[in-house]
Amino acid sequence: MSKIGFIGLGNMGGPMVANLITAGHEVSAFDISADALARAVATGATAATNGVDAAKNAEIVITMLPAGKHVRSVFLEDDKVMDLVAKNTLLIDCSTIDVVTARAAIVEAEQRGLEMVDAPVSGGIGGAQAGTLTFMCGGTEGAFARAEPILKVMGKNVFHAGDAGAGQAVKVCNNLMLAIQMISVSEGFALGDKLGLDRQKLFDIVSTATSQCWAMTSYCPVPGPVPSSPANNDYAAGFTVAMMLKDLLLAREASSEVGATTPLGSQATDMFAAFAAEGNENLDFSAIFKQIEDA
Ligand code: NAD
């Protein structure tokens, strides 16, 4: 069993910690939100007083933070975790962040003799709770081999995508596709409504036809067909509009860095930006259906 320092105990980090504890690992946890920290303590984590306190005696440090600036703050700028952990500590960043920051963080870790992987996830809060996340990892073979067993406690599929930053690169491609698929499913259901179709019948047919995808069958944006989808809970997140917009902006940044053409990605970014600007940033991203339906 490992001693783990876990920093960032929000919608994703909280249930990930719970699964580590259930598997018998010792978790020292920290979040700047007292509520998030209290929830993790209720699942069996030990409360740390700051990021360094969570990390200092750990064999593995895992972060699950909102964006690249938070990862830099914890590892390098404010908490300076990289300067204060023991030499053989393994660092695993599960946040979704930009490829440039992910690569730079791993270089900084290696300069200090530490191994680190970028290991963003797919699967949402449901996957975090059930321990069925998909992890996409970047880093050396050696660092991945050390990270894989602990990631398997929190996930079902753990992939080594390539060198430093490759996990984030896969994640950006995945979420670009997901945003476009959610808009496409929403447009289909909005058109179906106007054509007078029964939503359940439309779902039953297209979910076994060629437009079948996760955005429809696991996370359907209209209430009814998939009882666990946020649409049945007033679009409570889930995965927020703000986070999807963040990932689409990461995809836009990555596309322009490498000269890739992503026209539907650009349009999806504009649609989510407009929806967020109308005060919807904390809704689940599947609420984009309402915008399309009401247009
Ligand atoms: P969240 O906002 O619920 O949790 C992030 C937590 O980090 C918050 O509790 C916040 O207080 C904490 N935090 C911020 N700065 C900190 C610091 N300096 N030290 C300690 N704690 C700090 O976000 P989430 O939904 O858990 O997502 C986390 C990451 O996972 C994001 O990068 C997101 O893009 C990614 N992700 C989320 C989902 C999802 O469905 N929510 C799915 C896949 C990936």
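Every heavy atom of this structure was used, including side-chain atoms; hydrogens, water molecules and symmetry mates were not.
- A pairwise comparison of heavy atoms in D284 and G238 identifies OD1-CA, 3.2 Å as the closest pair.
- A distance-only check finds no donor-acceptor pair linking the side chain of Q181 to the backbone of S211 [under 3.5 Å].
- Side chain of D118 to backbone of G165: a donor-acceptor contact under 3.5 angstrom is found.
- A23 and V153 get closest at one heavy-atom pair: CB-CG1, 3.6 Å.
- In this structure, Y235 and N280 have side chains that are not in contact, with every pair of non-hydrogen atoms separated by 4.5 Å or more.
- Once rounded to the nearest 0.5 Å, the distance linking CD of E148 with CD1 of I92 reads 11.0 Å.
- Shown here is E141, whose CD atom has no more than 12 heavy atoms of other residues, nucleotides or ligands within 6.0 Å.
- The shortest side-chain heavy-atom distance between L151 and M154 falls under the 4.5 Å cut-off.
- Salt bridge absent: E257 and R103 never bring a charged side-chain N and a carboxylate O closer than 4.0 Å.
- Hydrophobic clustering places F6 together with L90 (ILVMFWY residues linked when any side-chain heavy atoms are closer than 4.5 Å, directly or through intermediates).
- Between atom CZ of residue R146 and atom OG of residue S2 there is a gap of 9.5 Å, rounded to the nearest 0.5 Å.
- Looking at S229, its side chain does come within 3.5 Å of a backbone N or O of V226 through a donor-acceptor pair.
- Evaluation of the side chain to side chain donor-acceptor pair (under 3.5 Å) rule for T96 yields no partner, not counting sequence neighbours.
- Between the side chain of K87 and the backbone N or O of R112 there is at least one donor-acceptor pair closer than 3.5 Å.
- No more than 12 heavy atoms of other residues, nucleotides or ligands shown are found within 6.0 angstrom of CG on D234.
- Each ring-ring contact (aromatic ring centres under 6.0 Å, His included) pair with one or both residues in residues 22-71, not counting sequence neighbours, would appear here, but there are none.
- The minimum heavy-atom distance between M82 and A105, with the atom names listed, is CE-O, 3.2 Å.
- Cluster annotation: V74 and I4 are assigned to distinct hydrophobic clusters (Ile/Leu/Val/Met/Phe/Trp/Tyr, side-chain heavy-atom contacts under 4.5 Å, transitive).
- Counting only residues at least two apart or on different chains, no ring-ring contact (aromatic ring centres under 6.0 Å, His included) pair has a member in residues 35-56.
- Considering all non-hydrogen atoms of both residues, C94 and F135 come closest at SG-CE2, 3.8 Å.
- Proximity of E281 to T240: side-chain heavy atoms (C-beta onward) are nowhere separated by under 4.5 Å.
- Closest of all the heavy-atom pairs between A237 and N282 is CB-O, 3.8 Å.
- Residue Q200 qualifies as enclosed at atom CD: its count of foreign heavy atoms under 6.0 Å is above 12.
- Partners of F75 by ring pair (Phe, Tyr, Trp, His ring centres under 6.0 Å), not counting sequence neighbours: none found.
- At distances below 3.5 Å, at least one donor-acceptor pair connects side-chain atoms of N232 with backbone N or O atoms of P227.
- Listed by chain and number, the residues in a side-chain contact (heavy atoms from CB on, under 4.5 Å) with A161 are A166, V170 (sequence neighbours excluded).
- Considering only heavy atoms from C-beta on, I183 comes within 4.5 Å of E187 through its side chain.
- In this structure, I150 is not a member of the same hydrophobic cluster as V81, with clusters built from ILVMFWY side-chain heavy atoms closer than 4.5 Å.
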Pair up each side-chain donor or acceptor in residues 55-69 with any protein partner under 3.5 Å, not counting sequence neighbours, and list the distances.
from : atom 1 : to  : atom 2 : distance (Å)
K56  : NZ     : D53 : OD1    : 3.0
E59  : OE1    : K3  : N      : 2.5
T63  : OG1    : D93 : OD1    : 2.8

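- The hydrophobic clustering, which links ILVMFWY residues whose side-chain heavy atoms are closer than 4.5 Å, places I7 and V17 apart.
- Listed by chain and number, the hydrophobic cluster partners of V172 are L250, where partners are ILVMFWY side chains within reach of under 4.5 Å, directly or through others.
- Taken from CG in D247 to CE in M244, the straight-line distance is 6.5 Å, to the nearest 0.5 Å.
- Counting only residues at least two apart or on different chains, no side-chain hydrogen bond (donor to acceptor under 3.5 Å, both in side chains) pair has a member in residues 122-139.
- The shortest distance between side-chain heavy atoms of K290 and E293 does not fall below 4.5 Å.
- A 4.5 Å side-chain heavy-atom check between D193 and R199 finds at least one atom pair inside the cut-off.
- Residues T269 and L249 meet the side-chain proximity criterion, which asks for heavy atoms closer than 4.5 Å.
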Review point. Stepwise, does the side-chain contact (heavy atoms from CB on, under 4.5 Å) test hold for R39 with D31?
Key: CA-CA 10 Å; R39 280 193 295 273; D31 196 296; over 6 Å; no
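- For H160, the ring pair (Phe, Tyr, Trp, His ring centres under 6.0 Å) test picks out F144, with sequence neighbours left out.
- Side chain of T217 to backbone of S207: no donor-acceptor contact under 3.5 angstrom is found.
- Taking each heavy atom of G124 and L133 in turn, the nearest pair found is O-CD2, 3.6 Å.
- Partners of F285 according to the ring pair (Phe, Tyr, Trp, His ring centres under 6.0 Å) rule, which considers only residues two or more places apart in sequence or in another chain, are Y219, F239.
- K152 contributes atom NZ, which lies 15.5 Å from atom CG of N19 (distance to the nearest 0.5 angstrom).
- Annotation: ring pair (Phe, Tyr, Trp, His ring centres under 6.0 Å) contacts of F203 (sequence neighbours excluded): none.
- Interatomic distance, Q267 CD to I180 CD1, rounded to the nearest 0.5 Å: 9.5 Å.
- Note on I106: it does not cluster hydrophobically with F159, by side-chain heavy-atom contacts below 4.5 Å among ILVMFWY residues.
- L76 contributes atom CG, which lies 10.0 Å from atom OG1 of T101 (distance to the nearest 0.5 angstrom).
- With sequence neighbours excluded, the residues forming a side-chain contact (heavy atoms from CB on, under 4.5 Å) with A273 are L245, listed by chain and number.
- Contact check for M271 versus Q291: no side-chain heavy atoms found under the 4.5 Å cut-off.
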